[in-house]
Amino acid sequence: MGLPVIPEAAHAGPSHPSGYELDGEWHPRNLPPPPRPPAAIAVLFAKGDVVLYHSAQGAPIPAEVLVVHNDDMPPYYTIRCEGVEKQVEQHRLALSLADPYLPGRSRSEEARISEADALYARKLEEDERTERRRRESMYTFKCCICQERCPVEGSFTAQSCDHRICSECFVGFVNADLSQEHVRCPHEGCGQPFEAAAIFDALVRYGQRDLAARFADARTEEALMADRSNFRRCPHPGCNYLFAWREGDRKHFDCPKCEHAFCLACTAAEGGGSGGEGVRVSPAHPGRTCAQRADELRRDADERRRFDEWQQNNSRADELFAEYVANDQDTRAAAQ
Ligand SMILES: [Zn+2]
Ligand SMILES: [Zn+2]
Ligand SMILES: [Zn+2]
Ligand SMILES: [Zn+2]
Ligand SMILES: [Zn+2]
């Protein structure tokens, strides 16, 4: 039933304030609704409302209305407040301004929305990463070996001269002559030696583990150790696994060969700190920092010391008892 369209001619003037006549029928005028009575000062609450409970003292606390008791006017309520159910009078409750749930949304809806938010945030992050990769892959350089434009991403960059070689050429270039003492930059007029550790690292990164191992084997131990700060061997006795590592790299090391794990620069001094605060290789302590590991060692040492003391005192007691028994026998023998 739509509102009647009022023809201009039939439009009633101010003399007919409440309606107009058309085709012999009286049509009430579409009057604006009467003004609402002013809102009641006390807001009556319903079951499930989230409200603020004003106790006699302290700040108002969010609460949930469980039951509305209409025995009298105004009603009183059973609310749950900080996990406790209590009955309170109307004037103790107010509309929650700090309502954690947006009006009109149920808890499950709220949970669904925050989950959607998290998903969206993850998607944004992923998009950003993809975009960064895309931008990076947009940059290419002219590889001095294959003379082609190759992506910057994943290429080998020499630390000594900043020259780049594409990954395929790099692998082939290193593989071509493993017996050379140094691998030198092939860029025209350069010839700077590449760091052995950087070569090794890149080969591992390109999935060329075998070639990396052959590269290391072809170098004398002196040549490798000239790069000492960048090369490490697995600390497990007899393992000898070689890997590139420098200050600031991850301390935790899982050996792929012997499967032992180590902390490569542990500041947890062995022996409860009495030996000084040395940096050394120690067994891995996953999930704990070196400082936490140091605390643990200190506690263990304390415990051991207390046990030793206890044992010492106990054996002293044994001695005293043996002495007492011997004396007692002497006394009895003398008495007979
Ligand atoms: Zn190339
Ligand atoms: Zn290339
Ligand atoms: Zn160079
Ligand atoms: Zn190992
Ligand atoms: Zn450590």
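Sequential numbering from 1 along the given sequence is applied to the chain's residues. In each ligand, atom 1 is the first atom listed, and ligand 1 is the first ligand listed.
- For the atom pair CZ of R184 and OG of S160, the computed distance is 10.0 Å after rounding to the nearest 0.5 Å.
- Note: H69 and Y76 have parallel aromatic rings, judged against thresholds of 30 and 60 degrees for the angle between ring planes.
- Between SG of C185 and SG of C161, the angle at the Zn ion (ligand 3) works out to 110°, rounded to 10 degrees.
- Because the distance cut-off is set at 2.8 Å, C166 qualifies as a neighbour of the Zn ion (ligand 1) through one of its N, O or S atoms.
- Between Y241 and F243, the angle of the ring planes stays under 30°, which puts this pair in the parallel group of the 30/60° scheme.
- In summary, an N, O or S atom of C146 is located under 2.8 Å from the Zn ion (ligand 1).
- Aromatic rings from Y206 and F156 are positioned such that their centres are separated by 6.0 Å or more.
- Nearest heavy atom pair, residue N240 against residue R233, reads O-NH1, 2.7 Å.
- The SG atom of C143 and the SG atom of C169 subtend an angle of 120° at the Zn ion (ligand 1), given to the nearest 10 degrees.
- Taking the Zn ion (ligand 3) as reference, the nearest N/O/S atom within H163 carries the name ND1.
- Here C190 meets the criterion, with an N, O or S atom under 2.8 Å of the Zn ion (ligand 3).
- Note that the NZ atom of K142 and the SG atom of C150 stand 11.0 Å from one another [nearest 0.5 Å].
- Vertex the Zn ion (ligand 5); arms to C290 atom SG and H285 atom NE2; angle 110° (nearest 10°).
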